[in-house]
Amino acid sequence: MVSAISRAGTPNSDPDDGWRTRIKRYLRFLICGGAATGVHWLIMALLMTVDVPPAWATGVGAIAGAIANYPLQKIFTFSGRVSPSPVPVYILACILTWSLNLFLFVTLNSGFGFSAGIAQIFVTAFVAIGSYGFYRKWVFHD
């Protein structure tokens, strides 16, 4: 019989909460987030082709991406484990990340003259890194 210490490294710890599981979960988070980002960028690009200003296009795209992201994260990243009221907390997280996305995008695009595509790449990376911990702890209570 294998003890809890040899399986996880610490007494009474769940071996499924090890660093390998956390890395796998973060990779699933990135994959699901990448799909949602694809929705965001597709909507943004389509809107910009019909002359919607970039700031508006990224704002609408971010909302579409957030709508796509919730079921992906719930099902694939956090295995359907959710808090008693995940949707209101998720909406709050989306409002925060949407605001951060828009602020950073406008700052880079209008303030520093970055192209819309380059600005969105930087913003997406920054928001993705910051949102994982929030989703894990506050939205999905994982």
Given the rule that I, L, V, M, F, W and Y join up when any side-chain heavy atoms are under 4.5 Å apart, are [X] and [Y] in one cluster?
X: Ile118; Y: Leu108; result: yes
X: Val87; Y: Trp138; result: yes
X: Trp19; Y: Leu27; result: yes
X: Val123; Y: Ile129; result: no
X: Val127; Y: Phe134; result: no

May I ask you to decide if [Y]'s main-chain N or O and [X]'s side chain share a donor-acceptor pair within less than 3.5 Å?
X: Tyr70; Y: Tyr90; answer: no
X: Thr97; Y: Cys94; answer: yes
X: Asn109; Y: Ala119; answer: no

* Step by step, work out the side chain to side chain contact (heavy atoms under 4.5 Å, CB included) result for Arg25 and Tyr132. => CA-CA 10 Å; Arg25 187 176 298 129; Tyr132 175 74; 3.7 Å; yes
* Asked: Is Phe78 close to Arg28 at the side-chain level, that is, under 4.5 Å between some pair of heavy atoms?
  ->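 Side chain of Arg28 against side chain of Phe78, heavy atoms only: no contact under 4.5 Å found.
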* Is there side-chain contact between Ile67 and Ile63, with heavy atoms separated by less than 4.5 Å? ->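 Result yes, sub-4.5 Å side-chain heavy-atom pair found.
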* Over 12 non-hydrogen atoms of neighbours within 6.0 angstrom of CZ in Phe126 ->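 No, not enclosed.
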Where do [X] and [Y] come nearest, in terms of heavy atoms and distance?
X: Phe76; Y: Cys32; value: CB-SG, 3.7 Å
X: Val39; Y: Gly65; value: CG1-N, 4.0 Å
X: Ala128; Y: Tyr26; value: O-OH, 4.5 Å
X: Ala36; Y: Asn69; value: CB-CB, 3.6 Å
X: Val139; Y: Ala93; value: CG2-CB, 4.2 Å

* Option passing side chain to side chain contact (heavy atoms under 4.5 Å, CB included) with Trp98 (candidates Ile95, Leu102, Leu96) ->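 Only match with Trp98 under side chain to side chain contact (heavy atoms under 4.5 Å, CB included): Leu102.
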* Measuring from Leu42:CG to Leu46:CG, what's the distance to the nearest 0.5 Å? ->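 Those atoms lie 4.5 Å apart.
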* Would you give the length of the straight line joining atom CZ of Arg22 to atom CZ of Arg136, rounded to the nearest 0.5 angstrom? =>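 If I round to the nearest 0.5 Å, the distance is 7.0 Å.
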* Could you tell me if the ring centre of Phe122 sits under 6.0 Å from that of Phe105? =>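 No, the ring of Phe122 stays outside the 6.0 Å limit from the ring of Phe105, centre to centre.
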For a quick test of your reading: what N or O donor-acceptor pairs under 3.5 Å do the side chains of residues 52-60 make, sequence neighbours left out?
from, atom 1, to, atom 2, distance (Å)
Thr58, OG1, His40, NE2, 3.0
Thr58, OG1, Asn101, ND2, 3.4
Thr58, OG1, Gln120, OE1, 2.5

